[in-house]
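Inspection log for the structure reproduced underneath, given as structure tokens.
Numbers for residues simply follow the sequence, beginning at 1.
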Amino acid sequence: MRLRISLPGNPLSRWFAAFTLCHHENRVARQLQERDVEYFLPTYEKVSQWRDRRVKLKQPLFPGYLFVRVSAVQRKEVLCAPGVVSLVGPPGRPVEIQPNEIWKLQAAIENAPVEPIDYLKIGERVRIQDGPLRGLSGILYRKSNKLRMVISVEAIMRSYLVEVDQALLEKDLQ
């Protein structure tokens with residue numbers, strides 16, 4: 001996980017998802033860092049089998065996307081960064097990502113193993129009622145006899161899994 005936080009933020013700054021060229025997320029992050037743009041590139045650890053050994057690699061959780069917190073004036077700096085295709089949304093009117101979505105994503109990555117999964121909108125909605133991920137809500141999912149929760153970032157139609165303990169869950173009536 002990479003997070004570039006600037007000095008006390010501009011109150012006019014908002015979170016947006018930047019769509020990047022394929023496999024350019026890290027390059028774009030470096031470009032944004034050089035331009036003093038606040039960004040968040042969520043990553044997860046993936047074990048890959050090479051010919052002679054197994055290797056742990058940090059991969060983008062949402063390939064082709066990273067999040068930026070910018071004001072309307074700074075958007076041009078993001079769009080001019082090599083590797084950035086666009087901000088997610090209609091041309092000239094990018095879709096704002098709510099700060100609580102970024103917070104949920106950061107909390108999940110910092111406190112539990114996460115991995116990407118296909119975007120889902122079906123299943124039982126649940127909320128974690130205790131522990132470091134308290135308040136996080138998503139869709140209940142079973143994989144390999146383990147209980148997991150699918151959490152979606154609606155604006156970019158991407159989802160990720162977090163392992164959860166059933167004792168900490170409650171139905172989300174929202």
Side-chain angles (χ1 to χ4, degrees), residues 1-7 9-10 12-51 53-121 133 136 138-139 141 143 148-163:
M1 172 181 68
R2 291 187 181 156
L3 177 61
R4 162 76 168 89
I5 304 219
S6 58
L7 296 174
N10 179 342
L12 301 176
S13 294
R14 305 282 185 257
W15 283 103
F16 300 97
F19 181 56
T20 69
L21 294 173
C22 186
H23 303 293
H24 278 68
E25 302 88 357
N26 288 315
R27 289 183 196 142
V28 169
R30 284 192 300 273
Q31 289 290 325
L32 294 175
Q33 186 171 9
E34 289 174 9
R35 296 165 190 247
D36 280 335
V37 173
E38 184 176 355
Y39 69 89
F40 174 48
L41 176 56
T43 60
Y44 74 104
E45 207 167 79
K46 177 182 178 183
V47 177
S48 243
Q49 179 67 49
W50 291 5
R51 285 184 180 194
R53 64 186 181 278
R54 296 180 82 177
V55 179
K56 288 183 181 181
L57 302 171
K58 287 244 182 216
Q59 298 288 321
L61 188 59
F62 307 122
Y65 296 93
L66 60 80
F67 301 96
V68 294
R69 185 173 181 215
V70 293
S71 65
V73 176
Q74 290 177 301
R75 284 188 211 159
K76 185 176 181 182
E77 288 205 37
V78 173
L79 294 170
C80 291
V84 173
V85 175
S86 65
L87 293 178
V88 174
R93 293 183 32 224
V95 176
E96 181 181 342
I97 308 289
Q98 295 302 314
N100 67 332
E101 293 231 29
I102 300 296
W103 173 84
K104 288 190 304 185
L105 183 53
Q106 290 171 340
I109 288 171
E110 289 172 8
N111 293 293
V114 298
E115 63 183 89
I117 187 171
D118 292 336
Y119 181 74
L120 297 174
K121 207 149 172 111
L133 300 178
L136 205 58
I139 300 167
Y141 182 81
K143 183 178 177 185
R148 298 176 184 202
M149 188 166 68
V150 177
I151 303 165
S152 298
V153 179
E154 300 291 331
I156 62 173
M157 293 191 338
R158 295 283 191 248
S159 301
Y160 59 98
L161 282 176
V162 175
E163 238 176 81

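Every residue two or more places apart in sequence or in another chain that forms a side-chain hydrogen bond (donor to acceptor under 3.5 Å, both in side chains) with E115 is listed here: K143, R148. Every residue meeting the side-chain hydrogen bond (donor to acceptor under 3.5 Å, both in side chains) condition with R27, not counting sequence neighbours, appears here in chain and number order: H24. Listed by chain and number, the residues in a salt bridge (charged side-chain N to carboxylate O under 4.0 Å, His left out) with K76 amount to none (sequence neighbours excluded). Partners of V55 by side chain to side chain contact (heavy atoms under 4.5 Å, CB included), not counting sequence neighbours, listed by chain and number: W50, R53, L57. In this view, Y65 and F19 satisfy the ring pair (Phe, Tyr, Trp, His ring centres under 6.0 Å) rule, not counting sequence neighbours.
With rounding to the nearest 0.5 Å, the separation of CD in Q31 from CG in N26 is 12.0 Å. Note that CD1 of I102 and CZ of F67 are 5.0 Å apart. Values are rounded to the nearest 0.5 Å. Taking OH of Y44 as the start and OH of Y160 as the end, the distance is 14.5 Å to the nearest 0.5 Å. Atom CZ in R30 sits 10.5 Å away from atom CG in L41 (nearest 0.5 Å). Expressed to the nearest 0.5 Å, how far CH2 of W103 lies from CG of L136 amounts to 6.5 Å. S159 OG to I151 CD1: the interatomic distance, rounded to the nearest 0.5 Å, is 9.5 Å.
Among residues at least two apart or in separate chains, salt bridge (charged side-chain N to carboxylate O under 4.0 Å, His left out) pairs with a member in residues 93-109 are R14-E96.
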Given side-chain contact (heavy atoms from CB on, under 4.5 Å), test V68 with L87 step by step and report yes or no. CA-CA 9 Å; V68 294; L87 293 178; 4.2 Å; yes
Go through I109 and F40 one step at a time and tell me if the side-chain contact (heavy atoms from CB on, under 4.5 Å) criterion holds. CA-CA 12 Å; I109 288 171; F40 174 48; 4.1 Å; yes
Might you work through the side-chain contact (heavy atoms from CB on, under 4.5 Å) test for V150 and L161, ending with a clear yes or no? CA-CA 5 Å; V150 177; L161 282 176; 3.4 Å; yes
Evaluate the side-chain contact (heavy atoms from CB on, under 4.5 Å) criterion for residues E38 and W15: first the C-alpha distance (whole Å), next the side-chain angles of each, then the deciding distance (0.1 Å), finally the verdict. CA-CA 9 Å; E38 184 176 355; W15 283 103; 3.8 Å; yes
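Residues P63 and P60 approach most closely at CD-O, 3.9 Å, considering heavy atoms.
Side-chain atoms of E25 come within 3.5 Å of backbone N or O of G64 as a donor-acceptor pair.
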